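In what follows, chains are A, B, ... by sequence order, proteins preceding strands, each numbered from 1. Every value quoted in this text rests on a predicted model; they were computed, and no experiment measured them.
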Amino acid sequence: MNVALLDPRGRVTLRAFLAALAVITAGSLVLQLLRDVLPAPVMALLYLLLVVLSAALGGLSAGLLAAVLAFLALNYFFTEPYYQLYVHDTNNVFVLLVFLAVAGIIGALVGQAREARARAEAREREVTFLYELATALAGLRQPDTMRHVVAAHLQELLQAELVEVSGLGGAARAPEAAAAPARRADALAPLVTAQGLIGEIRVWRGGLAPPPDEERLLRAFAGEAASAFERARLAGAERHAAVLEESDRLKTALLNSVSHELRTPLATIKAAATSLSSGAVGWNTAARGDLLAAIEEEVDLLNRLVGNLLNMSRIEAGVLQPQRQWNVLGEIVEGTLHRMRRGLEYHPVTVDVPEDLPLVPVDAVLLEQVFANLIGNSTKYAPPGTTIRVTARARDAQTLLVEVSNAGPPVAPEHLEHIFEKFYRVTAAERITGTGLGLSICKGIVEAHGGQIWAENTPGGLAFRFTLPLQSGDHSPLHVPPEDESA
Amino acid sequence: MSAEPHVLVIDDEPQILRALRTILTEKHFRVSMAQRGEQGLALAAADPPDVIVLDLGLPDLDGIQVCARLREWTHVPIIVLSVRESESDKVAALDHGADDYLTKPFGIEELLARIRVALRHSAMAQGTRATVINAGPMSIDLTRHVVTRDGVEVKLTATEYKLLAYLAANAGRVLTHQSILTHVWGPADADHVEYLRVYVGQLRKKVEADSRHPEILLSEPGIGYRFVAGE
């Protein structure tokens, strides 16, 4: 018997042979007790039954072995002269030979049938496992997870000591904690796709080479895994291409908008500076003051533009992290107005923010940018001389409602929900200055604070409204106990 | 202080250096320039300036490190320059010894005003410390613990006084939220900006002409507060 007979899943096993031997031996002992009751022909038939039983249990080899053993036992125990293999009667020799032939044929047929069924079952099991693997891999896009799934499935199926799946820039093992044995793997299957070799599966199974059917299963697994990896790679490439295309589109829009937006103030500054240095404008004239004011205004505008671009890129990259602190909203509004004062000459601003408003947990610098953009937007669209209003009220214990309203023209309802999108413009870009980024940055900042922003037409114009949570996490500001004036 | 105050500008932008040299010289300052942090530190040691204007973004050293290393041996006023979006850098610089900051781009009048305040502050620090600080109609007597407005005593709570006295004693400097909270309330309350908001609000009602448009207790968004002393 060679080692292959020890295969735990195989069909030619030591167990099969032992089964044949045991069945015939046990049968012979029982029949020995019945030898006085039953006639010899019945004995022969009963031995045939034992051969069938052995074949059904142990397969082809067991069936054939049982046939030979049964032939010998029938000869030895139940054919005269008893208890020796010598046969006296020629008829009996003939009967025994026929018995051997019949037993052999029956044993072989039954054994084959059993093995065919076992093979069919094994195939069915393989198909089931492959199907399970395919199901587990479907929808997976992360190479790391895919490697783990393949390794775990294969290890469970083969009951192997260790399975390692490498490829797509990494490797996974099952069981995960196991260290790679120092010796070479017992079985190898390459992962091959249209791109060529992309990885391999290595199996350690106690130093034994796998039987052919296991080898076949391993290759089937490798094929399934390779095509899953390929699908993931293609999907990744497609997604990447889509992202690139989108960011390319954004960049083009941004460049168009920004180059226009940068050139306008630059042109103003250049014109003002050259006319001042040319000596064409006299000292102490109103024109000189106007030119200088224009330079300052345009520089402020450029500075705000750069701030907006920076915040836009942070919002886009998902790295805008508000530094929340308890703040007084009125102070933020007043600070914004103070910094914007040069751009507000034609638009008076009224502030209606109650002093007893609760503290708000916000990033003061970012919120200033929100107010600056909303107020700046209002100055662009509302007619000169009209008032811009800033109001704030606690809507309930958890939410603050802020409104910046102006006397600008109403916005068609179909545009209202889009004006906070990047580069969205209601009017032609040439008529109004701006990058088309201001409102979308407001949206990004307000949402980063956990609030919402929207716009509404009002009887007198347009109102931007946004909410801010009044609690930071679950916290309200600490209560500050009042003190006596004793100093 | 010599007739011409000595300003050391540490900034790696040649255009900024050129503009500041022209303007500051015009305004009768003696100007030294350094484009790198190490060079600036060496210059500060070789020819001690009366005030240092320090850009936070330097090619070799972090501006915050420069502040910290200067503070190892000198109390010279430091005004840091930085862009708007880096509040945390400004706070770090102030906590490491800077006195004031300016956001780029800045107006030259603003820079000159800050330099003048810094020079006055350092003159006070060198001589006997002022014990009475005036700001508009307000007068704060730090030795007698008395605050008056147009000569009339203003009633303050113990914490209000402590806060006002700390701000006034550091008039002209930007104090970070954390440093004020640590000094007035103690290290355990260093993060409770809400205390500061409430007390500054109360103080403004008592010391400002219009508490909505303060002129003495100014907020520096995301950074801290500044007490503006009168002439």
Side-chain angles (χ1 to χ4, degrees), chain A residues 295-296 299-300 302-304 306-311 313-314 320-339 342 351 353-369 371-372 472 475-487, chain B residues 83-88 90-91 103-109 140-141 144-147 153-165 176-178 181 185 189 191-202 204-206 210-215 217-225:
Chain A
I295 292 178
E296 266 195 75
V299 168
D300 286 350
L302 282 178
N303 190 38
R304 216 163 70 219
V306 173
N308 270 339
L309 286 175
L310 248 157
N311 277 332
S313 69
R314 283 187 191 145
L320 184 83
Q321 283 175 344
Q323 303 294 311
R324 286 198 188 83
Q325 269 186 338
W326 293 107
N327 273 288
V328 180
L329 192 81
E331 217 175 277
I332 296 177
V333 175
E334 295 294 349
T336 313
L337 295 177
H338 179 72
R339 265 173 271 278
R342 270 193 293 271
V351 179
V353 179
E355 281 198 48
D356 58 356
L357 210 62
L359 294 174
V360 278
V362 294
D363 183 319
V365 176
L366 290 179
L367 212 64
E368 259 198 27
Q369 180 122 36
F371 282 113
S472 166
H475 302 292
S476 296
L478 287 178
H479 178 67
V480 184
E483 281 183 326
D484 288 336
E485 292 170 354
S486 55
Chain B
V83 290
R84 182 125 181 85
E85 284 75 18
S86 50
E87 261 56 34
S88 56
K90 293 173 199 160
V91 169
T103 298
K104 286 181 176 178
F106 49 84
I108 201 68
E109 284 308 323
I140 299 145
D141 189 327
R144 291 174 48 231
H145 291 212
V146 174
V147 178
E153 186 173 347
V154 178
K155 294 272 182 205
L156 296 180
T157 70
T159 309
E160 282 169 3
Y161 176 76
K162 223 170 151 188
L163 174 59
L164 184 64
T176 62
H177 294 133
Q178 198 155 15
L181 284 162
W185 278 271
D189 288 315
D191 291 327
H192 293 154
V193 177
E194 56 263 50
Y195 288 168
L196 209 40
R197 301 289 184 219
V198 170
Y199 276 92
V200 168
Q202 293 174 9
R204 279 180 179 157
K205 284 191 190 133
K206 295 182 181 180
D210 173 2
S211 65
R212 293 208 158 222
H213 299 100
E215 289 173 337
L217 300 174
L218 300 191
S219 293
E220 301 290 335
I223 293 177
Y225 289 92

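Chain B forms more heavy-atom pairs under 4.5 Å with one residue of Leu302(A), Leu366(A), Val353(A) than with any other, namely Val353(A). Top candidate by heavy-atom pairs under 4.5 Å with chain A, chosen from Glu160(B), Glu194(B), His192(B), Lys162(B), is Glu194(B).
Taking a cutoff of 4.0 Å between a charged side-chain nitrogen and a carboxylate oxygen, Glu355(A) and Lys205(B) qualify as a salt bridge.
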- Mind running side-chain contact (heavy atoms from CB on, under 4.5 Å) on Glu331(A) and Arg197(B) for me, showing each step along the way? CA-CA 10 Å; Glu331(A) 217 175 277; Arg197(B) 301 289 184 219; 4.1 Å; yes

- Query: Taking it one step at a time, do His213(B) and Glu334(A) satisfy side-chain contact (heavy atoms from CB on, under 4.5 Å)?
  - Reply: CA-CA 7 Å; His213(B) 299 100; Glu334(A) 295 294 349; 3.0 Å; yes

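In terms of heavy-atom proximity, Asn303(A) sits nearest to Lys104(B) at OD1-O, 4.3 Å. Scanning all heavy atoms of the two residues, the minimum distance from Gln325(A) to Gly222(B) falls at OE1-CA, 4.2 Å. Across all their heavy atoms, Arg212(B) and Pro354(A) have their closest contact at NH2-C, 3.9 Å.
Both the backbone and the side chain of Asn327(A) come within contact range of chain B, judged by heavy atoms closer than 4.5 Å.
In this structure, the side chains of Gln323(A) and Ser88(B) stay at 4.5 Å or more apart for every pair of heavy atoms.
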